[in-house]
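Read through the structure below, which is laid out as structure tokens, and then see the notes.
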Amino acid sequence: MTGTGIVHFGPGAFHRAHQADYVDRLLKQDPRWGIAAVSLRSGGTVEALKRQQGRYTLAILDAEIRFRTLAAHTRFFGPGEGDGVRALLRDPAIRIVSSTVTEKGYCLDGGGRLDFDHPDIVRDLADPAHPLSIVGWLALGLGDRRTAGLPAFTPLCCDNMVSNGRKLQAAVIDYARRLDAGLADWIAKEAVFPDSMVDSITPATGETLRTRVREQGYDDSIPVSREAYAAWVIEDVLPDGAPDLASVGIMLAKHVGAWEKAKLRILNGAHSTLAYLGLLIGHESVAEAMADRPLAIFVERLIREDIIPSLEPSPLDLDLYSRQILDRFRNPAIGHKLAQIAWDGSQKLPYRLLDPIAEARAAGRSVDRLAVPIAAWMLFVERKAQAGIEIVDPLAPRLAEIGRGGDPVDGLLALRQVFPERLAADDLFRNAVARAAAQMRKAGPLALLTEELANA
Ligand code: CS2
């Protein structure tokens with residue numbers, strides 16, 4: 001009988017295509033590690049998972065197309081089922097509590113620390129026994145372990161942030177300290193929060209995929225798709241009794257930082273660049289944007305001349321890694337929408353592009369090229385706001401207000417949740433962004449890209 005050893009918050013498409021695939025294989029050799037799927041804010045996916053007894057289709061859309069059935073989930077918790085989650089977190093069989101709640105789900109401020117003014121954190125601190133946020137849930141669950149004299153479980157952050165484990169650790173400890181200093185100290189001493197790097201291109205599921213899966217003979221309302229490539233690197237600090245993750249191809253590494261940074265800056269940085277520039281030009285998918293020669297050449301050059309220098313020295317072969325990533329972007333089978341990547345820009349740009357920009361400035365390197373995707377994001381915000389189209393972003397109301405008011409460059413630079421004070425006050429950076437934005441507004445992004453190529 002399959003047991004439950006992992007609790008996962010946020011069983012969206014990425015978790016079900018990536019982590020659940022590794023765990024599905026792990027279960028074949030060790031049945032203790034089934035996943036409890038927790039989605040307390042929206043019930044659709046967990047209800048469907050429950051209805052399908054945890055089974056759903058993973059479509060690998062790449063040079064070869066394959067369909068597999070995964071069955072890694074054993075328990076299901078939707079809205080109103082928080083008591084069951086709390087009881088499960090007390091079960092000593094639960095060793096890992098992982099999360100994919102997206103960058104915004106951790107309620108961090110622009111400096112990467114817990115934002116005590118975030119409405120969810122204000123609300124959780126007022127009623128800590130019934131949390132909304134992942135930070136509140138981890139503190140509650142760890143507090144119950146401490147009271148029961150049980151060892152801590154291991155929180156495992158699987159979202160695209162630099163030092164994601166360390167950030168989550170600081171957030172949970174800071175939160176707990178407001179409630180009980182003894183608990184904060186206990187968490188600091190007893191719980192490990194590994195950093196991790198997760199990678200596999202996973203588009204949001206749409207009707208096309210559902211139809212395709214139905215044609216294969218599966219009646220499945222929650223299929224997921226991804227490319228063939230998948231990687232997961234976890235900091236090698238898991239306590240005794242953890243699952244044998246290496247046996248299913250998960251890499252355990254002493255320092256995950258080099259992987260995290262390379263992946264966030266090269267893959268995700270290039271993705272966001274393709275998304276904002278590509279959407280302004282009129283493309284829909286990543287593969288389509290990569291087929292646009294000036295745009296593809298711009299992104300290659302951005303990686304080679306601006307992003308890689310921000311990562312050196314590195315133990316990784318960054319040239320090879322970049323070439324592989326650009327090949328993955330050309331995958332025509334996956335239909336990865338630029339609009340999906342453009343979501344939550346205010347949360348994504350800091351790790352992907354603003355960190356390398358700040359480092360380039362500190363090292364005296366030019367930021368002209370790196371400023372182009374930032375300007376493209378600003379024009380994207382402006383365009384949506386002026387057309388009255390909703391922006392998918394936790395700062396959407398503020399972005400729309402700035403975007404409606406004319407040239408958004410200075411208004412957006414003033415957002416401390418996005419741009420650190422020092423960068424926003426840096427004239428050289430500001431002027432590079434303003435220049436790129438003005439050029440693109442006047443002659444369109446393609447003209448700027450072509451000019452950039454001619455000057456190179
Ligand atoms: C993408 C990522 O949507 C986005 O912002 O850049 O989801 C990307 O596909 C994954 O991180 C790849 O591992």
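In listed order, ligands and their atoms are each counted from 1. Keep in mind that the numbers below use all heavy atoms, side chains included, and drop hydrogens, waters and symmetry copies.
Residue P445 is tested with L280, V372, T450 for a side chain to side chain contact (heavy atoms under 4.5 Å, CB included); the sole match is L280.
Here's the thing with N268: one of its N/O atoms is less than 3.5 angstrom from an N/O atom of ligand 1. When only interatomic distances are considered, the shortest N/O to N/O separation between R328 and ligand 1 does not fall below 3.5 Å. On a distance-only criterion, N160 and ligand 1 share at least one N/O pair closer than 3.5 Å.
Contact annotation: the side chain of L267 approaches that of F329 to within less than 4.5 Å [non-hydrogen atoms, C-beta and beyond].
At a 4.0 Å heavy-atom cut-off, ligand 1 touches R352 through the side chain alone. Only backbone heavy atoms of S200 (N, CA, C or O) come within less than 4.0 Å of ligand 1; its side chain stays farther off.
Using a 4.0 Å cut-off between charged nitrogen and carboxylate oxygen, K261 and D355 do not count as a salt-bridge pair. Using a 4.0 Å cut-off between a side-chain N of Lys or Arg and a carboxylate O of Asp or Glu, R265 and E359 qualify as a salt bridge. Looking at R430 and D410, a side-chain N of the basic residue comes within less than 4.0 Å of a carboxylate O on the acidic one, giving a salt bridge.
The closest approach between any non-hydrogen atom of K263 and ligand 1 is below 4.0 Å.
Among all non-hydrogen protein atoms, the one lying nearest atom 6 (O) of ligand 1 is H271 ND1, 2.8 Å. For atom 4 (C) of ligand 1, the closest non-hydrogen atom on the protein side is K348 NZ, 3.5 Å. Ranking the protein heavy atoms by distance from atom 13 (O) of ligand 1 puts D199 OD1, 2.6 Å first.
No cation-pi contact links R361 to F429, judged by a cut-off of 6.0 Å to the six-membered ring centre and 45° from its axis.
Residues S221 and Q52 bring a donor and an acceptor atom of their side chains to less than 3.5 Å of each other.
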